[in-house]
Amino acid sequence: MFSFLDIINHYLGYVTIETNTKSRIYVILGVLGDLYLLYVAYRFAANGFIIRGILVFLVVLILAYFLYLNIMYYFTKKKAKFDVTPVINKVLHIQPKSEEKPISGEQRRYRNIPANGLFDERKTMPAKLESTLSERHNIHELAETMINKKVANYDYNGLGERALLSEIKTSPKHRVYAMGDGALIPYFDLREENGKYEVYAGMNQVNCEPVGHIVQAGFEDIQNLDKNKVKLYLAEAFLVGGKYETAGRAGLIDGADDYAVQIKIAYRKK
């Protein structure tokens with residue numbers, strides 16, 4: 001029975017399922033497992049192992065109580081009676097996770113539009129940044145803020161171990177980042193300072209700091225750009241790097257890269 005439940009649990013890792021739906025599936029699996037333990041307790045008692053049967057039955061009751069709490073939480077909108085989880089959280093110093101409100105259709109529509117608007121893809125190109133030590137520190141501070149405020153997704157998109165291993169095999173770098181392909185920075189700006197194209201980024205216009213200067217646009221060195229003929233604009237700025245998972249002999253291996261800012265620039269001939 002437990003082997004069967006374990007197989008189902010592993011197969012759930014292959015697919016990306018919404019968190020609430022996956023939790024309901026686990027609750028149902030838990031009910032099946034608890035019923036099996038009840039049968040084990042009965043068999044122990046029927047064969048004369050009364051004490052073992054009683055001990056297993058006590059475990060069944062404890063698990064049944066927590067299953068009841070989960071059923072009330074995931075399958076109903078009612079509050080469970082005799083809920084001891086606040087006491088457990090207090091004793092174990094666990095900070096309860098606040099419930100996130102679903103994103104409305106209007107919010108989702110504009111969620112991934114860059115702060116600087118939309119540009120013609122045919123007139124944009126990737127650009128390379130070079131950052132000083134203080135600018136790399138600014139990037140790290142921005143990353144921590146974006147993650148803490150949940151502006152950046154940092155949970156491997158909810159993928160299980162099997163799904164991560166499958167994605168790692170097809171990844172060019174053979175690794176999967178907790179932030180995925182990157183998180184759109186809320187505010188960014190391009191400024192000409194001391195003969196350089198400086199990139200500023202932050203949570204908003206008030207709290208933005210320099211994160212690097214452009215050294216390459218497309219395949220060309222930025223020094224070769226004729227500023228009298230071409231005007232540059234910052235089209236996109238994404239936060240990349242951070243924690244990642246890669247495959248090892250016995251499963252997943254944790255790793256981490258420095259955070260970085262990945263940009264795209266747009267251009268217009270004067």
In Å, rounded to the nearest 0.5 Å, how long is the span from [atom1] of [X] to [atom2] of [Y]?
X: I265; Y: K128; atom1: CD1; atom2: NZ; result: 14.0 Å
X: L37; Y: L61; atom1: CG; atom2: CG; result: 11.0 Å
X: M179; Y: L239; atom1: CE; atom2: CG; result: 4.0 Å
X: D257; Y: R175; atom1: CG; atom2: CZ; result: 5.0 Å
X: Y42; Y: Y39; atom1: OH; atom2: OH; result: 8.0 Å
X: E198; Y: E135; atom1: CD; atom2: CD; result: 5.5 Å

Between [X] and [Y], is there a donor-acceptor pair closer than 3.5 Å when you use the side chain of the first and the backbone of the second?
X: N194; Y: K196; answer: no
X: R24; Y: F75; answer: no
X: N47; Y: F49; answer: no
X: T246; Y: I168; answer: no
X: Q216; Y: G218; answer: yes
X: N207; Y: G202; answer: no

Between [X] and [Y], what is the shortest heavy-atom contact and its length?
X: M203; Y: T145; answer: CG-CG2, 3.7 Å
X: A217; Y: I222; answer: CB-CD1, 4.2 Å
X: A266; Y: T124; answer: CB-CG2, 3.9 Å
X: L190; Y: Y197; answer: CD1-CB, 3.8 Å
X: L184; Y: V151; answer: O-CG1, 4.4 Å
X: I253; Y: E245; answer: O-OE1, 3.3 Å

[X], [atom1] atom: more than 12 neighbouring heavy atoms under 6.0 Å:
X: D258; atom1: CG; answer: no
X: F57; atom1: CZ; answer: no
X: E144; atom1: CD; answer: yes

Same apolar cluster: [X] and [Y], side chain cutoff 4.5 Å:
X: V261; Y: V215; answer: no
X: L225; Y: L129; answer: yes
X: F119; Y: F188; answer: no
X: L234; Y: M146; answer: yes
X: Y154; Y: I139; answer: yes

Could you check I263 against I214 for side chain to side chain contact (heavy atoms under 4.5 Å, CB included), going step by step and ending with a plain yes or no? CA-CA 9 Å; I263 66 169; I214 299 176; 3.9 Å; yes
Passes side chain to side chain contact (heavy atoms under 4.5 Å, CB included), L55 versus V59? Steps please. CA-CA 6 Å; L55 291 175; V59 173; 5.9 Å; no
Is the positively charged end of R268 above the ring of Y233, judged by distance under 6.0 angstrom from the centroid and angle within 45° of the axis? no
Walk me through whether K264 and F238 qualify under side chain to side chain contact (heavy atoms under 4.5 Å, CB included). CA-CA 9 Å; K264 267 188 177 184; F238 282 85; over 6 Å; no
What class does the angle between the rings of H140 and Y259 fall in, given that below 30° is parallel, 30 to 60° is tilted and above 60° is perpendicular? tilted
